[in-house]
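Along the sequence shown, the residues carry numbers beginning at 1.
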Amino acid sequence: LHKEYRRQRQMCIRDRLWLALALPGLWFGWQWIATPESYGFGHAIKDSGDWAAWLLLLTLAVTPLRLAFRRARWTLWLMKRRRDFGVASFAYAAIHTAIYLVDKASLTVILDQATGWDLLTGWLALAIFLPLAITSNDRSMRAMKRGWKRLHRLVHPAAVLVFAHWALTAFDPVTAYIHIGILAAIEIAGWTLKRRPSGSRIKA
């Protein structure tokens, strides 16, 4: 009974987390429906892309935070939910891509634009994230064993592509540069903390 209670409690917590992660999408979806004259494709593409990037940064920040605050219970909770954040990031990236495809509504235009570095970086990032999202579950971890970690380390080059895409497509790239700085700080912190003797137990 105790194990069943814990399982039900964990499922309830995860459901609440996913509701929280879905709220931004529900909000900008509602804005698009309620005020289509002021909130159109441009705003929807930007907002979905922003949330994909923010959740990606959160996903990447979990390991450095856990290494820095290994006695804190909240970092353990973040570690347990890291895959949820990553999948949510991919979901917003997929929505971002779908809105772009509907907006262009022309295969010729889409293929022509895909050759430029501004959009090619985004397509490459999405291609890398797809297998990561598909394998973000316990069954895949058990089946792939050590290969699972090797595959999921691709999140780091994919993140570089994401923020390069943001900088190259933004009207004002300053915000993108700020986020690139945050990404660099997360990567440097993770690299440094893993090389401390006490930090060798946690792998990205």
Side-chain angles (χ1 to χ4, degrees), residues 18-60 82-137 139-140 143-144 147-148 150-180 182-184 187:
W18 272 101
L19 176 59
L21 292 172
L23 284 177
L26 295 173
W27 171 247
F28 63 69
W30 167 250
Q31 285 186 293
W32 198 0
I33 294 170
T35 57
E37 65 283 352
S38 60
Y39 190 94
F41 281 101
H43 285 94
I45 289 174
K46 179 184 180 301
D47 288 349
S48 56
D50 286 351
W51 277 100
W54 294 336
L55 287 167
L56 176 59
L57 286 177
L58 175 58
T59 305
L60 293 170
R82 181 171 58 174
R83 278 183 285 162
D84 294 306
F85 299 136
V87 172
S89 173
F90 175 79
Y92 279 104
I95 293 170
H96 176 75
T97 305
I99 295 170
Y100 165 77
L101 294 175
V102 172
D103 182 34
K104 297 307 175 184
S106 170
L107 183 60
T108 302
V109 172
I110 292 166
L111 292 176
D112 182 61
Q113 292 185 346
T115 59
W117 280 109
D118 52 348
L119 293 183
L120 181 60
T121 48
W123 284 114
L124 290 174
L126 186 69
I128 295 173
F129 280 127
L130 181 59
L132 303 188
I134 292 172
T135 57
S136 288
N137 55 76
R139 181 178 295 178
S140 295
M144 297 177 67
W148 190 91
R150 288 196 295 270
L151 174 64
H152 281 255
R153 288 193 184 108
L154 291 175
V155 68
H156 300 287
V160 173
L161 289 168
V162 166
F163 289 97
H165 169 67
W166 190 350
L168 291 169
T169 56
F171 290 108
D172 181 5
V174 173
T175 302
Y177 294 151
I178 292 171
H179 284 78
I180 289 171
I182 295 171
L183 173 65
E187 294 290 350

Which atom of [X] lies closest to which atom of [Y], heavy atoms considered:
{"X": "Leu119", "Y": "Thr169", "value": "CD2-CG2, 4.1 Å"}
{"X": "Ala125", "Y": "Ala158", "value": "CB-O, 3.8 Å"}
{"X": "Ala52", "Y": "Ala93", "value": "CB-N, 3.6 Å"}
{"X": "Lys104", "Y": "Ile110", "value": "CB-CG1, 3.8 Å"}
{"X": "Ala53", "Y": "Trp166", "value": "CB-CZ3, 3.8 Å"}

task = Kindly assign one of parallel, tilted or perpendicular to the pair His179 and Phe163, based on the angle between their ring planes and the thresholds 30° and 60°.
result =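 The arrangement is parallel - the two ring planes meet at less than 30°.
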key: Aromatic plane relationship, Tyr39 with Phe28 - under 30° parallel, 30 to 60° tilted, over 60° perpendicular   =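 Rings of Phe28 and Tyr39: parallel, under 30°.
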message = For a ring-ring contact (aromatic ring centres under 6.0 Å, His included) check, start with the C-alpha distance between Trp51 and Trp54, then their side-chain angles and the critical distance, and finish with the verdict.
response = CA-CA 5 Å; Trp51 277 100; Trp54 294 336; 5.1 Å; yes
Roughly how far, to the nearest 0.5 Å, is the [atom2] atom of [Y] from the [atom1] atom of [X]?
{"X": "Leu124", "Y": "Leu120", "atom1": "CG", "atom2": "CG", "result": "4.5 Å"}
{"X": "Leu60", "Y": "Ile182", "atom1": "CG", "atom2": "CD1", "result": "12.0 Å"}
{"X": "Leu26", "Y": "Leu19", "atom1": "CG", "atom2": "CG", "result": "7.5 Å"}
{"X": "Trp32", "Y": "Trp27", "atom1": "CH2", "atom2": "CH2", "result": "16.0 Å"}
{"X": "Asp50", "Y": "Ile45", "atom1": "CG", "atom2": "CD1", "result": "12.0 Å"}

ask   = Below 4.5 Å, heavy atoms only, C-beta onward: do Asp172 and Tyr177 meet side chain to side chain?
value =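 No, every pair of side-chain atoms sits at 4.5 Å or beyond.
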key: Trace of the side-chain contact (heavy atoms from CB on, under 4.5 Å) decision for Phe90 with Leu132   = CA-CA 9 Å; Phe90 175 79; Leu132 303 188; over 6 Å; no
inquiry  = Looking only at the side chains, is there a donor atom on one of His156 and Glu187 sitting less than 3.5 Å from an acceptor on the other?
reply    =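 Yes, Glu187 and His156 have a side-chain donor paired with an acceptor closer than 3.5 Å.
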key: Identified side chain to side chain contact (heavy atoms under 4.5 Å, CB included) partner of Phe129 from the options Val87, Leu56, Leu161, Ile134   =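 Option passing the side chain to side chain contact (heavy atoms under 4.5 Å, CB included) with Phe129: Leu56.
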ask   = Could you go step by step and tell me if Thr59 and Val155 meet the side-chain contact (heavy atoms from CB on, under 4.5 Å) rule?
value = CA-CA 10 Å; Thr59 305; Val155 68; 5.6 Å; no
ask   = Can you list the steps and then say if Phe41 with Val102 is a side-chain contact (heavy atoms from CB on, under 4.5 Å)?
value = CA-CA 9 Å; Phe41 281 101; Val102 172; 3.9 Å; yes
Between [X] (side chain) and [Y] (backbone), is there a donor-acceptor pair under 3.5 Å?
{"X": "Tyr92", "Y": "Gly49", "result": "no"}
{"X": "His165", "Y": "Thr121", "result": "no"}
{"X": "Ser89", "Y": "Phe85", "result": "no"}
{"X": "His96", "Y": "Ser48", "result": "no"}

message = So, using salt bridge (Lys or Arg N to Asp or Glu O under 4.0 Å) as the criterion, who are the partners of Asp47 when residues are at least two apart?
response =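 Residues passing salt bridge (Lys or Arg N to Asp or Glu O under 4.0 Å) with Asp47: none at all.
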inquiry  = Just to verify, what does Thr135 make a side-chain contact (heavy atoms from CB on, under 4.5 Å) with, not counting sequence neighbours?
reply    =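 Counting only residues at least two positions away or on another chain, Thr135 forms a side-chain contact (heavy atoms from CB on, under 4.5 Å) with Ser140, Met144, Trp148, Leu151, His152.
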